[in-house]
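Here's the structure, in structure tokens; my notes come after.
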Amino acid sequence: MPICSNWLHLTPNKFYTHALIRPPITFTHRHVITTTRSRCFARAVTSESVMAAASNSVRVAAAQMTSVNDLAVNFATCSSLVKEAVSAGAKLLCLPEAFSYVGARDGDSVKIAEPLNGPIMQRYCSLARESSIWLSLGGFQEKGSDDEHLHNTHVVIDDTGNIRSTYRKIHLFDVDVPGGRVYKESSFTEAGKDIVAVDSPIGRLGLTVCYDLRFPEIYQQLRFQHDAQVLLVPSAFTKVTGEAHWEILLRARAIETQCYVIAATQAGKNNDKRESYGDSLIIDPWGTVVGRLPDRLSTGIAVADIDLSLIDSVRAKMPIAKQRKPIEFWKSTSL
Ligand SMILES: O=C(O)CNC(=O)[C@H](CS)NC(=O)CCC(=O)C(=O)O
């Protein structure tokens, strides 16, 4: 049992209850302790994470697919990927960004956007319930605040079909791809503002989407402020940028956060104007690739076992959480 020899200040927010506790304090396995330079937090862990920690190893699957501009066709593909994941013994299947729809023309995805309680999401909730598997739906066209906009929303559904968590993509892909197209995701997408982590049978998940991968701050927040153990990066990377940057960025995020990273991808030609970079990856907290579905195998799943004790041992031997100097402690001297 870990023992804390300092006074413990538990600040009130959605995870912590306000309390000042006298040392020595003994924590049960139902608490996660996080320390910053000035504070020490305790968070009660939900039963899912406790179960995952007890059994140590849980199987996950990362899908790869070529979504098109047909909701029914994509749902059929997702259903068969779910079957594959279930027979492989996976407790969670991650589907890529734009799993349910990739428009052939600008503006198409706004037209099919629906609220999270609409019929499209309902079908995916039923799929999770009927197959008794958790789903990470890596980028759903959620209806925005007007008819011209949507949210690119990552939805986590549990094995009884309930939506456990939603994250709206923060960093939007407004990029002139060298030798490729100009993308302007912000022309039809409202950016999110909230960082989201959620407990699951494979540990505490940190939710992100695609282009977020290029902004390490969000992953630092997920690991050091939200106790994430597994970072999800569902994507629809372009062929050009994926070939240059995909694996390097993902492995860097795994190494610098000491988290597992699961990245499900779109692959192949989604339509005449669009080719995605498929290479679904599962990476362990030491940065080793433990599951991969290469680009040439356009549709399928990569499978790996998440071992929460590996996270603990990597973090114990290289204790960066204690050693890091967060930006507020730096002194800026250049003018
Ligand atoms: O719009 C859709 O249908 C699905 N969403 C996407 O394809 C998004 C926004 S256009 N793509 C990316 O973020 C690519 C990032 C990327 O390729 C990089 O960072 O290099």
To the nearest 0.5 Å, tell me how far [X] [atom1] sits from [Y] [atom2].
X	Y	atom1	atom2	answer
Lys269	Ser298	NZ	OG	13.5 Å
Lys83	Ser131	NZ	OG	7.5 Å
Leu95	His154	CG	NE2	9.5 Å
Phe329	Arg324	CZ	CZ	9.0 Å
Asp108	Phe188	CG	CZ	10.5 Å

Determine whether the side chains of [X] and [Y] contain a donor N or O and an acceptor N or O closer than 3.5 Å.
X	Y	result
Gln64	Thr265	yes
Tyr219	Thr208	yes
Gln266	Ser276	no
Gln141	Asn152	no
Thr189	Ser186	no
His245	Arg214	yes

Does Lys169 form a salt bridge (charged side-chain N to carboxylate O under 4.0 Å, His left out) with Glu185? I'd like the steps, not just the answer. CA-CA 11 Å; Lys169 186 179 187 183; Glu185 190 177 17; 2.8 Å; yes
What pair of heavy atoms forms the shortest contact from [X] to [Y], and how long is it?
X	Y	value
Ala321	Phe224	CA-CE2, 3.6 Å
Asp284	Ala254	O-CB, 3.7 Å
Ala62	Ala263	CB-O, 4.3 Å
Glu190	Gly144	OE2-CA, 3.3 Å
Gly161	Ala128	CA-CB, 4.5 Å
Ala228	Cys259	O-SG, 3.3 Å

Is a side-chain donor or acceptor of [X] paired with a backbone partner of [Y] at a separation under 3.5 angstrom?
X	Y	answer
Tyr167	Gly206	no
Thr66	Ala267	yes
Glu97	Ala236	yes
Asn162	Asp158	no
Asp305	Ser57	no
Asn271	Gly103	yes
Arg59	Ala88	yes
Asp295	Gly278	yes

Under 30°, 30 to 60°, or over 60°: which ring-plane class applies to Phe173 and Tyr183, parallel, tilted or perpendicular? tilted
Do the non-hydrogen side-chain atoms of [X] and [Y] ever get within less than 4.5 Å of each other?
X	Y	answer
Glu114	Glu142	no
Leu205	Ser136	no
Gln229	Leu308	yes
Arg274	Val102	yes
Ser280	Arg292	no
Asp212	Ile170	yes
Ile301	Leu93	yes
Trp330	Lys325	yes

Under 4.5 Å between side-chain heavy atoms, hopping through other hydrophobics if needed: is there a path connecting [X] to [Y]?
X	Y	result
Leu135	Leu92	no
Trp246	Ile255	no
Val156	Leu231	yes
Met121	Val110	no
Val230	Val196	yes

Just do the salt bridge (charged side-chain N to carboxylate O under 4.0 Å, His left out) check on Asp312 and Arg315 with the steps written out, would you? CA-CA 5 Å; Asp312 293 343; Arg315 292 180 182 185; 5.9 Å; no
Assess whether side chain to side chain contact (heavy atoms under 4.5 Å, CB included) is satisfied between Ile262 and Val233, documenting all intermediate values. CA-CA 6 Å; Ile262 306 176; Val233 195; over 6 Å; no
Can you list the steps and then say if Arg181 with Lys273 is a side chain to side chain contact (heavy atoms under 4.5 Å, CB included)? CA-CA 8 Å; Arg181 261 173 64 188; Lys273 287 192 298 186; 3.9 Å; yes
Answer yes or no: does atom NZ of Lys239 have more than 12 heavy-atom neighbours from other residues, nucleotides or ligands under 6.0 Å? yes
Report, as yes or no, whether the 6.0 Å neighbourhood of atom CG on Asp146 holds more than 12 heavy atoms from other residues, nucleotides or ligands. yes
Can we call the ring centroids of [X] and [Y] under 6.0 Å apart?
X	Y	answer
Tyr211	Phe237	no
Tyr124	Phe140	no
His171	Phe215	yes

The single option from Asp174, Val175, Asp176, Val177 passing side-chain contact (heavy atoms from CB on, under 4.5 Å) against Val182: Asp176
Pick one: which of Asp159, Thr160, Val155 meets side-chain contact (heavy atoms from CB on, under 4.5 Å) with Ile157? Val155
Verdict with reasoning, Ile283 to Thr288, per side chain to side chain contact (heavy atoms under 4.5 Å, CB included): CA-CA 5 Å; Ile283 303 166; Thr288 308; 6.0 Å; no
Criterion salt bridge (charged side-chain N to carboxylate O under 4.0 Å, His left out) on Asp227 and Arg223, from CA distance to verdict: CA-CA 5 Å; Asp227 300 322; Arg223 158 76 208 271; over 6 Å; no
Please report the C-alpha distance between Val60 and Trp134 in whole Å, then the side-chain angles of each, then the deciding distance to 0.1 Å, and finally whether the side chain to side chain contact (heavy atoms under 4.5 Å, CB included) criterion is met. CA-CA 10 Å; Val60 295; Trp134 281 60; over 6 Å; no
Going through the checks in order, is the salt bridge (charged side-chain N to carboxylate O under 4.0 Å, His left out) test met by Arg123 and Glu130? CA-CA 10 Å; Arg123 285 190 83 184; Glu130 285 154 15; over 6 Å; no
